[in-house]
Protein chains: 2
Amino acid sequence: MKNNNKYQYEYPRPALASDCVIFGFDGGDLKVLLTEREKEPFKNKWALPGGFVFIEETTEECAKRILHEKTGIKNVFVEQLFTFSEIDRDPRERIVSVSYYALVNTYQYELIAGRDTLKTEWFALSDLPKLGFDHAKIIKMALQRIKGKVNYQPIGFELLNEKFTLSQLQQLYEAILEVQIDKRNFRKKILGMALLKELDEKEKNVAHKAARFYSFDKKAYKELTQKGFYFEL
Amino acid sequence: MKNNNKYQYEYPRPALASDCVIFGFDGGDLKVLLTEREKEPFKNKWALPGGFVFIEETTEECAKRILHEKTGIKNVFVEQLFTFSEIDRDPRERIVSVSYYALVNTYQYELIAGRDTLKTEWFALSDLPKLGFDHAKIIKMALQRIKGKVNYQPIGFELLNEKFTLSQLQQLYEAILEVQIDKRNFRKKILGMALLKELDEKEKNVAHKAARFYSFDKKAYKELTQKGFYFEL
DNA sequence: TTAATTAGTGTTAAAATTACACTAAGAGTG
DNA sequence: CACTCTTAGTGTAATTTTAACACTAATTAA
């Protein structure tokens, strides 16, 4: 490595990487996106999509790039989760990982097995394979994070289709929070926030009363937020 | 840098550093600990205590070490805040900083101006000097974080003396949250959680009714937490 | 002795949360 | 076509939580 900068510090540097915890929802379980590794270490083992940070990209840009390269998913809004820096977290050498998470709709993306990747698949959180590195720990923390966040931010809408029924939204909240929610109270609360647009459309071909579709009203949310409104479930 | 590991990746690496946002409380304002830099860049300017991560320490260990080396403060529990990785955040070269924050009692520590440091001082948040790097942004985020956290974790007790009065605790919450709180409702709520030990001791030499001292009951908190209790202000 | 200052204490009204059960609509079946 | 199955959709009352509010007690200083 070049060292011609008079300020540059002299110590050996940890390598820097980013890992992505991508949550998806398919109506039932909450899922997480994993890739089967093509190379050592942990060759043929499942792991989070992740890779090294280039010198001219931010860690967030890196996370998005890697996600795209390895799984085909792009244009997702990721948020920083945590930076993991335990000395031995990677068997090769010292690697510090800045992790990110995102919530997406499983149906909206076509998965590919990209660079250094044998397979890319959704796994239910209740049925994860054994993971390489400290990735089980990272997923655990990401899950904790969204469980907390869901209460005071309207996340979760990203995991559904543009149009969704209130029951689907409730199922999502139940999946994330791992609790049962009362249908009437839930609807009262959500509709009371005036963040949903009621659409004229209804479900079709369902063997029961068709549910009305709603969509998330981003504009209303923005306006309310500017007026000091706080989302709270 | 040595490169004899067959797995080691080939790209140039960002340097890795840690910065510390240390909040203190002296009964009035909420304060933050700053150091005046002895060296370029930002020589003679104020900045957060920070420095480079050694290859054999975690970023958290680094933060604690740097804090001790530069300010004399040690034995504080820091929590990770965020990792800043904008390309140009340091004028020297690409440096990624993992930032940490902590809450301490200003009276409990004697400040020194340690390595590469001309002065170490507490600054009221309402009266910060111009800061080097992106440190103003880091402080802003740290403040946001503790404002959120204070509502669901009994942090803040760290900023007071072991023994404190309920009025002092209230003032602290008012300083962090920047709101006025009703005295009776505050006392009702805090005492209702049974996390405070009522001591026999009272204030002395105050020109008004002497207030009772309380201390935080860590044991009770631990036990309650294990029973599923959630602190909530 | 008086003035100044902060500690300490309860009640009531309003708002938010919780618990709870029936009718409506659509598709499938015999 | 009537019956069954399934999920959508709806309101009320009891309970709990929150918010608003004012006086007496204790101590020092003047």
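Sequence lines set the chain letters: A, B, ... in the order given, protein chains first and strands last, and positions in each chain run from 1.
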Can you check the [X] [atom1] to [N] [atom2] distance for me, whole Å?
X: B/K209; N: C/dG8; atom1: NZ; atom2: C1'; result: 5 Å
X: A/Q171; N: D/dT7; atom1: CD; atom2: C1'; result: 10 Å
X: B/R187; N: D/dA22; atom1: CZ; atom2: P; result: 18 Å
X: A/Q170; N: D/dT7; atom1: CD; atom2: C1'; result: 12 Å
X: A/K202; N: C/dA27; atom1: NZ; atom2: C1'; result: 15 Å
X: A/E198; N: D/dA8; atom1: CD; atom2: C1'; result: 13 Å
X: B/E203; N: D/dA25; atom1: CD; atom2: C1'; result: 14 Å
X: B/N185; N: C/dT11; atom1: CG; atom2: P; result: 14 Å

Using a strict threshold of under 4.0 Å (side-chain N to carboxylate O), is an ion pair present between B/E223 and B/K227?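 Result for this pair is no, no salt bridge flagged.
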Would you indicate which nucleotide in [options] comes nearest to any side-chain atom of [X]?
X: A/A207; options: D/dA8, C/dG8, C/dG28; value: C/dG28
X: A/N205; options: D/dG11, C/dA27, C/dG8; value: C/dA27
X: A/H208; options: D/dA25, C/dA24, C/dG26; value: C/dG26

Heavy-atom nearest nucleotide on DNA chain C for A/K204 versus B/L191: which residue maps closer to 5'?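 It is B/L191 whose nearest nucleotide is closer to the 5' end.
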By nearest heavy atom, map A/E232 and B/D182 onto DNA chain C; which one lands nearer the 5' end?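 Upstream on the strand: B/D182.
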Can you spot which of A/L103, A/I176, A/T106 makes a side-chain contact (heavy atoms from CB on, under 4.5 Å) with A/F23?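 That would be A/L103.
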Is the phosphate of D/dA8 approached by A/S167 (side-chain N or O, under 4.0 Å from OP1 or OP2)?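 True: A/S167 side-chain N/O within range (under 4.0 Å) of D/dA8 OP1/OP2.
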Give a yes or no answer on whether the side chain of A/D26 reaches the backbone of A/G28 with a donor-acceptor pair at less than 3.5 Å.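 Answer holds: yes.
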Can you label the angle between the B/F157 ring and the B/F231 ring as parallel, tilted or perpendicular, going by 30° and 60°?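 Because their plane-to-plane angle is over 60°, the rings of B/F157 and B/F231 count as perpendicular.
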Does B/K189 reach a base, just sugar-phosphate, or nothing at all? Heavy atoms under 4.0 Å.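 It contacts sugar-phosphate atoms only.
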So, under a plain 3.5 Å distance rule, would you say the side chain of A/R184 forms a donor-acceptor pair with the base of C/dA21?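 Under the 3.5 Å cut-off, the side chain and the base do form a donor-acceptor pair.
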Taking N and O atoms by type only, does the side chain of A/K188 place a donor or acceptor under 3.5 Å from a partner on the base of C/dT17?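 No, no donor-acceptor pair under 3.5 Å.
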Pair B/R145, B/E79 - check salt bridge (charged side-chain N to carboxylate O under 4.0 Å, His left out), show working. CA-CA 11 Å; B/R145 179 75 61 90; B/E79 287 202 59; over 6 Å; no
